[in-house]
Amino acid sequence: MDPPAPTEPDERVPMVEVIEHLLANLDAATLPLDVPGVVAARQERDRVATQVRHHLLPRLRQVAAPVIVVVGGSTGAGKSTIVNSVVGKEVTTAGVLRPTTREPILVVHPKDADLLEGHPVADIARVTPQEVVPRGMALLDAPDLDSVHAANRGLADELVELADLWVFVTTGSRYGDAVPWARLHSARERGVSLAVILNRVDPTALATVRRDLFERLESQEFGSVPFFVIADVGPHEGVLPEDRIREFTQWLTVLGAKSQSRSIIARTVRGAWPALRQDVQQVAVALEDQRRHHLSLRNQIRAATTASAEQVQADLAAGGAAVGAPTTAWLAGASSGGVLAPLVARPANLVEAWRYRRAATARAAAVASLREVSMSAARTLIAEACERAERAIRAGAASSAGGTQVADLVTTEEAATARTDRLDVLFSEWDEVVAELCATLTFSTDDAGLDETGKAALIEIAATGLDGAERAVARLLSDRGTAVVRRLRSDLSTWASVAVAGEADAFLTALSTLGVDDGAARSLRLRASELKGYQ
């Protein structure tokens with residue numbers, strides 16, 4: 001059941017409850033079909049869910065938790081060295097070989113550590129209490145944004161999403177890299193507070209690099225972002241000299257003050273709403289696109305069987321199942337003097353009648369054999385139509401967004417097994433109807449020596465469209481027999497059409513496993529409207 005609808009401003013749902021509902025809707029927002037744009041849509045959904053789960057919701061639930069300062073940037077920018085220098089000792093590994101794969105470290109004052117219990121950051125980073133860290137602040141050393149390892153890049157992005165403040169660290173040789181700048185713009189759009197550190201700058205080029213980076217920041221509307229420069233100290237081990245890191249450390253200390261830290265948190269949370277609302281609406285659009293493709297695929301799968309279903313119905317109604325082997329077998333047996341001749345005409349004299357009676361057993365066997373041939377031909381005709389329908393479904397799927405994904409869920413072996421089961425049911429029910437109708441018939445005394453089973457077999461043969469058998473039934477049963485044959489032929493052709501249309505069932509079932517909840521997009525739009533009330 002959806003959470004309650006938005007209420008009037010003085011009766012608004014509490015903000016924490018709104019965000020909890022939003023997270024539940026995002027987690028339920030499956031985008032299973034591989035349609036154009038879905039990869040980006042899934043990434044956006046996951047990013048928004050991460051932002052809500054790891055930052056907004058924990059922050060709203062525990063407002064007293066310290067400001068989370070994420071130190072991030074490009075490979076080799078010196079992030080770990082800066083974190084170690086703020087603390088005054090090595091608490092996180094500064095990698096010599098790049099890229100460095102490591103566990104993120106979160107350093108926090110011991111008296112603030114308890115406030116991070118249960119916070120998602122504690123699940124993805126190792127909390128390291130350090131007395132020197134300013135109260136009210138937690139400093140996190142993040143993996144490289146441009147790491148060659150996808151897992152590291154993903155973790156870096158995830159950590160940025162939970163930041164109250166993101167400190168972008170770059171160098172004199174890397175500040176023009178595209179990836180960090182794109183991340184800066186993305187973070188600003190979502191209301192994250194920012195700061196920039198220009199690290200490891202050659203003193204001889206310091207003025208030029210600093211001016212160039214500052215102009216770049218100004219041109220991209222980052223001019224008001226706090227900006228720190230750390231000149232290169234040359235080859236060294238351990239932490240930076242205290243004078244090189246002092247300005248940044250003092251700034252962190254000021255930010256750690258209660259009033260400042262609350263201000264950063266409030267600004268970041270408040271700044272997140274407009275972008276969050278827009279992002280949620282984009283996810284809703286992606287869900288609606290999934291739903292449209294889902295409906296289109298469902299209609300296409302059903303329609304793909306139509307031509308084969310109509311064709312098999314027409315073929316059977318026209319007696320197509322009797323073409324070939326059944327007709328050949330009938331002509332061989334019903335010719336003058338043949339074992340089936342008495343079914344077509346009365347014996348011409350007593351001698352012929354005596355000879356026909358002596359051949360009754362052979363005649364019954366011939367009728368039974370002909371029935372098997374006729375039923376096999378009918379089944380083959382229907383099975384081939386089913387196979388054409390399957391091929392049509394797969395061909396259509398190959399040219400449709402998400403269709404190949406659905407088709408791959410149904411193997412040809414599974415389709416064949418389902419087909420066999422359907423045809424088994426069809427002919428089993430057909431035999432039952434034949435028995436019921438034959439029970440209502442009264443054969444003439446001139447029945448050519450056929451027993452009840454033989455008579456039913458002759459009816460079935462005629463119903464598949466064998467003209468000679470139909471004339472034999474008319475001779476032995478007159479108009480009533482002809483009506484039964486036509487009724488059975490109509491049933492067989494109709495049921496065959498249904499069986500061919502049934503080729504779609506396995507694909508529709510597969511499609512249903514990739515279904516999108518009709519109300520998913522509507523729920524997200526509802527959440528977006530609730531967020532608007534808090535902007």
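- Between the CD atom in Glu310 and the CG atom in Asp315 there is a gap of 12.0 Å [rounded to 0.5 Å].
- Residues Arg391 and Ser308 bring no donor and acceptor atom of their side chains to less than 3.5 Å of each other.
- Using modelled atom types, one side-chain atom of Gln405 and one backbone atom of Asp34 make a donor-acceptor pair closer than 3.5 Å.
- Residue Leu458 is tested with Leu476, Leu477, Val485 for a side-chain contact (heavy atoms from CB on, under 4.5 Å); the sole match is Leu476.
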Stepwise salt bridge (Lys or Arg N to Asp or Glu O under 4.0 Å) check, Arg487 with Asp491: CA-CA 6 Å; Arg487 155 71 191 280; Asp491 285 350; 2.7 Å; yes

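- Judged by distance alone, with hydrogens and angles left aside, the side-chain atoms of Ser529 form a donor-acceptor pair with the main-chain N or O of Leu526 at under 3.5 Å.
- A salt bridge is defined here as a Lys NZ or Arg NE, NH1 or NH2 lying under 4.0 Å from an Asp or Glu carboxylate O, and Glu20 with Arg61 meets this definition.
- A donor-acceptor contact shorter than 3.5 Å is absent between the side chain of Arg42 and the backbone of Thr30.
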Test log, rule side-chain hydrogen bond (donor to acceptor under 3.5 Å, both in side chains), inputs His54 and Asp123: CA-CA 10 Å; His54 288 175; Asp123 295 330; over 6 Å; no

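- Atom CD of Gln278 sits in a sparse spot, with 12 or fewer heavy atoms from other residues, nucleotides or ligands closer than 6.0 Å.
- Counting only distance, with no hydrogens or angles, the side chain of Gln300 and the backbone of Gly396 share a donor-acceptor pair below 3.5 Å.
- Judged by distance alone, with hydrogens and angles left aside, the side-chain atoms of Arg527 form no donor-acceptor pair with the main-chain N or O of His21 at under 3.5 Å.
- No donor-acceptor distance shorter than 3.5 angstrom exists from the side chain of Ser400 to the backbone of Gly403, with no hydrogens or angles considered.
- Take Asp505 and apply the salt bridge (charged side-chain N to carboxylate O under 4.0 Å, His left out) test, not counting sequence neighbours, and it matches no residue.
- No side-chain donor-acceptor contact under 3.5 Å links Ser490 to the backbone of Arg486.
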Evaluation steps, side-chain contact (heavy atoms from CB on, under 4.5 Å), between Leu316 and Trp495: CA-CA 10 Å; Leu316 286 169; Trp495 296 355; over 6 Å; no

Intermediate values then yes/no, side-chain contact (heavy atoms from CB on, under 4.5 Å), Asp164 and Val70: CA-CA 8 Å; Asp164 294 307; Val70 175; over 6 Å; no

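- Residues Val484 and Arg489 have side chains not in contact (no heavy-atom distance under 4.5 Å, counting atoms from C-beta outward).
- For the 3.5 Å distance criterion, the side chains of His119 and Gln62 fail to qualify, holding no donor opposite an acceptor.
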Test log, rule salt bridge (Lys or Arg N to Asp or Glu O under 4.0 Å), inputs Arg379 and Asp424: CA-CA 9 Å; Arg379 184 168 182 137; Asp424 285 346; 2.7 Å; yes

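- At a threshold of 4.5 Å between non-hydrogen side-chain atoms, the residues Leu426 and Val498 do not count as touching.
- Side-chain atoms of Ser296 do not come within 3.5 Å of backbone N or O of Arg292 as any donor-acceptor pair.
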Val48 vs Glu44, side-chain contact (heavy atoms from CB on, under 4.5 Å): CA-CA, chis, key distance, verdict: CA-CA 6 Å; Val48 176; Glu44 181 69 359; 4.0 Å; yes

Quiz: residues 367-377 side-chain donor-acceptor pairs under 3.5 angstrom, not counting sequence neighbours:
unit_1 : atom_1 : unit_2 : atom_2 : d
Arg371 : NE     : Glu460 : OE1    : 2.6
Arg371 : NH2    : Asp431 : OD1    : 3.2
Arg371 : NH2    : Glu460 : OE1    : 3.4
Arg371 : NH2    : Glu460 : OE2    : 3.4
Ser374 : OG     : Leu370 : O      : 2.9

Full working for salt bridge (Lys or Arg N to Asp or Glu O under 4.0 Å) between Arg419 and Glu390: CA-CA 10 Å; Arg419 181 180 310 131; Glu390 182 196 358; 2.8 Å; yes

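- A salt bridge is absent between Glu288 and Arg291; no separation between the charged side-chain nitrogens and carboxylate oxygens falls under 4.0 Å.
- In this structure, Ser186 contributes its side chain and Ala182 its backbone to no donor-acceptor pair below 3.5 Å.
- Using modelled atom types, one side-chain atom of Arg45 and one backbone atom of Ala29 make a donor-acceptor pair closer than 3.5 Å.
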Using a 3.5 Å cut-off and no angle test, enumerate the donor-acceptor pairs between side-chain atoms of residues 320-332 and protein atoms at least two apart in sequence or in another chain.
unit_1 : atom_1 : unit_2 : atom_2 : d
Thr327 : OG1    : Ala322 : O      : 2.6
Thr328 : OG1    : Gly324 : O      : 3.1

Test side-chain contact (heavy atoms from CB on, under 4.5 Å) applied to Val410 and Ile393, step by step: CA-CA 11 Å; Val410 183; Ile393 291 171; over 6 Å; no

